[in-house]
Q: 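Structure below; questions to follow.
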Protein chains: 2
Amino acid sequence: MIRMSKETDYGIILLAHFAGDQERLTHSARALAAETYLPLPMVSKILKILAREGFLVSHRGVKGGYSLARRPERVPIAEIITAMEGPVAMTECVEAPGECRHEPVCQLRSKWQKINEVVLLALGSITLSDLIGPLPDQLAPFGGKPENLVRLQ
Amino acid sequence: MIRMSKETDYGIILLAHFAGDQERLTHSARALAAETYLPLPMVSKILKILAREGFLVSHRGVKGGYSLARRPERVPIAEIITAMEGPVAMTECVEAPGECRHEPVCQLRSKWQKINEVVLLALGSITLSDLIGPLPDQLAPFGGKPENLVRLQ
DNA sequence: TGAAATGGTACTGGATCAGTCCTATATCAG
DNA sequence: CTGATATAGGACTGATCCAGTACCATTTCA
C-alpha cells in the first residue's frame with residue numbers, strides 16, 4: 001500500500017506538535033503522550049530516535065524533555081521519513097544497486113531511479129511548518145496542472 | 001522504506017516486458033518466467049491478478065497465454081500499483097477515513113491527503129511506455145526546478 | 001483424449017512491525 | 001546526599017503480513 005510505518009506516522013505527528021506549540025521550551029514524553037493520545041512507551045521510543053537523528057534536542061533530568069532542533073520551515077518531511085525508515089526507495093534496486101539478481105537483465109532500474117526522484121521532490125518540498133495551522137487545502141500541487149509534473153524528453 | 005511489494009515490482013516488470021515485445025500475440029506464463037528470470041509460480045500468480053484487474057487479456061488452452069489489454073501509453077503505473085496493493089496511501093487515515101482513533105484530535109489528515117495527491121500525480125504521469133526502450137535519463141521531473149513542485153497558497 | 005495453458009484458492013516459513021519492559025544515567029529540589 | 005523525575009539504550013514478544021509454493025479445476029486445441 002506504499003504506506004509509512006506507524007513509528008514514522010507517530011513521529012511526524014509528534015514533530016508537528018512541537019512545531020505547533022513553540023511557546024513551551026521543552027516537552028516531556030509524558031506530556032506529549034497525553035496531548036497526542038498516543039501510548040507513552042511508543043512516544044518515548046520515537047522521541048529517542050528523533051533526538052538521535054538530529055530533529056530534537058534532549059534535556060535530561062527532572063525538568064528535562066525535548067525541544068525542536070531546527071525551525072519547522074527547515075525540516076522537510078522527506079528527511080523525517082528517511083531518518084525513521086531508511087531511504088525512500090520504491091524498489092530494492094534503487095536503494096541497494098547490485099543486490100537484485102535480476103539487475104543484469106532488468107532494464108527498469110534507471111527508470112525507477114527517476115521515478116523515485118519525483119516522489120522525493122514531492123516530499124522534500126513540504127516541511128513541518130506546512131503541517132501546522134488550521135487551514136485545509138493548503139497545498140496546491142503544480143498549480144493543479146498535472147501535465148506539468150513530469151516532462152519526457 | 002516506502003517500498004512496493006515484490007508482487008507489484010514483478011508485476012510491473014512483466015507488464016513492461018509485454019510492452020517491449022508487442023510482436024507476439026500472446027505470452028505464456030512459462031515463457032515470461034524464462035525471459036524475465038522470475039520464478040514461474042510467482043509469474044503465474046501475478047499474471048492472474050493482472051488479468052483480473054484488467055491489464056491483461058487471458059486466452060486459455062494449449063496455445064493460450066496473456067496479452068496487453070491496452071496500449072502501453074494508456075497504462076499509468078500508478079494504476080498498476082493501486083490495482084496490486086490497494087490505494088496509494090501514506091497514512092491509514094488517507095485510505096480509511098474514520099478508522100484511526102486519533103482522527104478527532106489529529107489535524108494532519110487533510111495535509112496528508114494533499115501530500116498523497118502529489119505523490120499520485122507523480123506516479124500517474126508515468127506510463128508503461130515510459131518504462132521501455134534503452135534510453136536512460138528519460139524522465140526530467142519539473143524541468144529540474146524542485147521549487148516549482150508544490151506551491152503553498 | 002491427452003497435453004498445455006489459465007483460474008482459483010489454500011497453505012507455510014520467515015520477516016517485519018507495533019508495542020512493552022527493564023536498567024542505566026543525568027538533573028534538580030529539598 | 002538522597003529521592004523523584006526525566007531521558008538513553010537496549011532486549012523482548014505477540015501478531016501480522018509477505019513471498020513463494022502447491023494443488024486441483026477448467027478450458028482449448030491437435
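Letters A, B, ... mirror the listed sequences (proteins, then strands); counts begin at 1.
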Q: Please identify each residue that fulfils salt bridge (charged side-chain N to carboxylate O under 4.0 Å, His left out) with B:Glu53, with sequence neighbours left out.
A: none
Q: Nearest-Å distance, CD (B:Glu7) to P (D:dC17)?
A: 14 Å
Q: Can you tell me how far CG of A:Asp9 sits from CE of A:Met84, rounded to the nearest 0.5 angstrom?
A: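 Reported value, rounded in 0.5 Å steps: 10.0 Å.
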Q: For DNA chain D, which residues in residues 46-62 of chain A have a heavy atom at a distance below 4.0 Å?
A: A:Lys48, A:Ser58, A:His59, A:Arg60, A:Gly61, A:Val62
Q: Under the salt bridge (charged side-chain N to carboxylate O under 4.0 Å, His left out) test, which residues partner B:Arg74, sequence neighbours left out?
A: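 Per chain and number, B:Arg74 pairs via salt bridge (charged side-chain N to carboxylate O under 4.0 Å, His left out) with no residue.
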Q: So which one's nearest nucleotide on DNA chain C is more toward 5', A:Lys63 or A:Ser5?
A: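 The answer here is A:Ser5.
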Q: Between CD1 of B:Ile77 and CG of B:Asp130, what distance do you get to the nearest 0.5 Å?
A: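 Rounded to the nearest 0.5 Å, the CD1-CG separation comes out at 8.5 Å.
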Q: Hey, could you give me each pair passing ring-ring contact (aromatic ring centres under 6.0 Å, His included) that has a residue in residues 24-67 of chain A? Not counting sequence neighbours.
A: A:Phe18-A:His27
Q: Rounded at 0.5 Å granularity, tell me how far CG in B:Leu56 sits from CD1 in B:Ile49.
A: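 Going from CG on B:Leu56 over to CD1 on B:Ile49, the span is 11.0 Å.
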Q: In whole angstrom, what separates A:Glu85's CD from C:dA18's P?
A: 9 Å
Q: Among residues 32-43 of chain B, which residues get a heavy atom nearer than 4.0 Å to DNA chain D?
A: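 Those residues whose heavy atoms fall under 4.0 Å from DNA chain D, taken from residues 32-43 of chain B in numerical order, are B:Pro39, B:Pro41, B:Met42.
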Q: Counting just side-chain N and O atoms, does A:Tyr10 come under 4.0 Å of either OP1 or OP2 of C:dG19?
A: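 Affirmative; the distance criterion is met.
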Q: Looking at residues at least two apart in the chain, or sitting in another chain, which of them share a salt bridge (charged side-chain N to carboxylate O under 4.0 Å, His left out) with A:Lys63?
A: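 In terms of salt bridge (charged side-chain N to carboxylate O under 4.0 Å, His left out), with neighbours along the sequence ignored, A:Lys63 is linked to no residue.
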Q: Do A:Leu123 and B:Val118 have side-chain heavy atoms sitting under 4.5 Å apart?
A: no
Q: Can you tell me the distance, in whole Å, between the CZ atom of B:Arg3 and the P atom of C:dA15?
A: 15 Å
Q: What is the separation between atom CG on A:Leu25 and atom C1' on D:dA6, rounded to the nearest whole Å?
A: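 So the two atoms are 16 Å apart, to the nearest Å.
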Q: Could you tell me the separation between the NZ atom of A:Lys45 and the C1' atom of D:dA6, rounded to a whole number of Å?
A: 20 Å
Q: What is the distance from CG of B:Asp9 to P of D:dC18, rounded to the nearest Å?
A: 15 Å
Q: Is the side chain of B:Glu103 donor-acceptor paired with the backbone N or O of B:Gly98 at a distance under 3.5 Å, no angle test?
A: yes
